[in-house]
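All ligand and atom numbering here is 1-based and tracks the order in the structure.
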Amino acid sequence: MQRYFVEQENVNKSSQQIVITGDDVGHITKVMRTSVGDHLISCDENGACFLCEVEQLNKEQVLCKIVEPLTDNRELPVNVTIAQGLPKGDKMELVIQKGTELGAHSFIPFISSRTVVQLDAKKEQKRLERWGRIAKEAAEQAHRQRVPSIHSLLSWKQLLAEGEEYDLALIAYENEQTSTLHAAMQHLQPGKKVLLVVGPEGGFSDLEVEEAMEAGFSPVMLGRRILRTETAALYSLSCISYYFEQLGGR
Ligand code: SAH
């Protein structure tokens, strides 16, 4: 069943109603050809999802009655934030779309010494809006409870400071020979927050790797081959899903 994410203020707990507005209205009425009495799923910003029945619809909004709360959980047991060195072209879109399907909790694009892309404030704002839309659509398609958040662009120094907010901060480094992602996962209990930093196309300078380690990040290898920057994040999320959702976190 189709699901739609709404802001918290659109959920009226006392009247047990949800209002859907914006682009989703066109999707519900024109694409899905939904009528009064039909059902859909709506999820709020806290990850609570509800089976809803459509009560009223017009061009501006769809008013739904909550039928029952849904209890299935499709989120990864650990919160994974992908810090992605801003890649060229539309690769960031790929990382966000596929990373959302694979369960990423959030994304932080960052600039480091080997970043080649340049974004002025106006372009950055446009990209952030587009990335947000891609994350929302991918989260709907993947039947997730929440839409990953997308942070504004950080500098390398800002990203290193951000590491303190996490239970585990990792830097994917192709020259790391021994520390595996699997070993890193073994220190992580469900519910914890992990930050995984992936370099841009040109990778990290030696100095950046040193700085990250001084800031408390642990380097991890992602297999024996050199992955493209967009593959590295998706490989990591797949491994984390496999570890926690298939092997039961062992
Ligand atoms: N410096 C290299 C490769 C960069 S790959 C070069 O230019 O030849 C881009 C990013 O993907 C790296 O910075 C790293 O974060 C990640 N990455 C790719 N393959 C990896 C691997 N086998 N182990 C860990 N990280 C990897």
(request) Only one of Gln84, Glu201, Lys88, Lys91 passes side-chain hydrogen bond (donor to acceptor under 3.5 Å, both in side chains) with Thr229; say which it is. (result) Gln84

(request) Give a yes or no on whether atom 13 (O) of ligand 1 lies under 4.0 Å from any heavy atom of the protein. (result) yes

(message) Please evaluate residues Gln16 and Ser14 with respect to the criterion side-chain hydrogen bond (donor to acceptor under 3.5 Å, both in side chains), reporting the C-alpha separation (whole Å), side-chain torsions for both, the decisive distance (0.1 Å), and the verdict.
(response) CA-CA 5 Å; Gln16 291 285 293; Ser14 57; over 6 Å; no

(message) For Glu137, is there an ion pair with Arg133 - N to carboxylate O distance below 4.0 angstrom?
(response) no

(request) Under 4.0 Å from a heavy atom of Ala172: give me the atoms of ligand 1 that qualify, with their elements. (result) 14 (C), 15 (O), 24 (C), 25 (N)

(request) Please could you name the atoms of ligand 1 that Gly223 approaches to less than 4.0 Å, counting only its heavy atoms? (result) 22 (N)

(request) Examine distances only and state if a side-chain atom of Arg144 and a backbone atom of Thr100 form a donor-acceptor pair shorter than 3.5 Å. (result) yes

(request) Give the residue and atom name of whichever protein heavy atom lies nearest to atom 20 (C) of ligand 1, and the separation in Å to one decimal. (result) Glu174 CB, 3.8 Å

(message) Checking contacts here: is it the side chain or the backbone of Arg228 that comes within 4.0 Å of ligand 1, counting heavy atoms only? Could be both or neither.
(response) neither

(request) Give the residue, atom name and distance (to 0.1 Å) of the protein heavy atom nearest atom 22 (N) of ligand 1. (result) Arg225 O, 2.7 Å

(message) Could you check whether Lys136 pairs with Asp23 (Lys NZ or Arg NE/NH1/NH2 to Asp/Glu carboxylate O, under 4.0 Å)?
(response) no

(request) Around atom 10 (C) of ligand 1, find the nearest protein heavy atom and jot down its residue, atom name and distance. (result) Gly199 O, 3.5 Å

(request) Find all atoms of ligand 1 within a distance of less than 4.0 Å from any non-hydrogen atom belonging to Val198, and give their numbers and elements. (result) 11 (O), 15 (O)

(message) Students should be able to answer this: which protein heavy-atom is nearest to atom 18 (C) of ligand 1, and at what distance?
(response) Leu227 O, 3.1 Å

(request) Report the part of Arg224 in contact with ligand 1, treating N, CA, C, O as backbone and CB onward as side chain, heavy atoms under 4.0 Å; options are side chain, backbone, both, neither. (result) neither

(request) Measure the distances from the heavy atoms of Gly85 to every atom of ligand 1 and state whether one is below 4.0 angstrom. (result) no

(request) Run the numbers for me: atoms of ligand 1, each under 4.0 Å from some heavy atom of Glu201, listed by number. (result) 4 (C), 7 (O)

(message) Checking the side chain of Glu164 only, and the main-chain atoms of Tyr166 only, is there a donor and an acceptor separated by less than 3.5 Å?
(response) no

(request) Mark yes or no for whether Asn46, through its side chain, and Ala48, through its backbone, hold a donor-acceptor pair below 3.5 Å. (result) no

(message) I need the contact type for Ala232 against ligand 1. Using non-hydrogen atoms and a strict under-4.0 Å cut-off, is it side chain, backbone, both or neither?
(response) side chain

(message) I'd like to know if Lys98 pairs up with Glu101 as an ion pair, taking the criterion as any Lys NZ or Arg NE/NH1/NH2 lying under 4.0 Å from an Asp or Glu carboxylate oxygen.
(response) yes

(message) Do Pro109 and Trp131 make a side-chain contact, defined as non-hydrogen atoms from C-beta onward lying under 4.5 Å apart?
(response) yes

(request) Specify the protein heavy atom at minimum distance from atom 9 (C) of ligand 1: its residue, its atom name, and the distance to 0.1 Å. (result) Pro200 O, 3.3 Å

(message) A quick test of your reading: do over 12 heavy atoms of other residues, nucleotides or ligands sit less than 6.0 Å from CZ of Arg114?
(response) yes

(request) Answer yes or no: is there a donor N or O on one side and an acceptor on the other, between the side chain of Lys192 and the main chain of Leu168, under 3.5 Å? (result) no

(message) Looking only at protein heavy atoms, which one is nearest to atom 23 (N) of ligand 1, and what is the separation?
(response) Leu222 N, 2.8 Å

(request) Return yes when Val220 approaches ligand 1 closer than 4.0 angstrom through a heavy atom, no otherwise. (result) yes

(message) I need the nearest protein heavy-atom contact for atom 8 (O) of ligand 1: residue, atom name and distance, please.
(response) Ile226 CG2, 4.8 Å

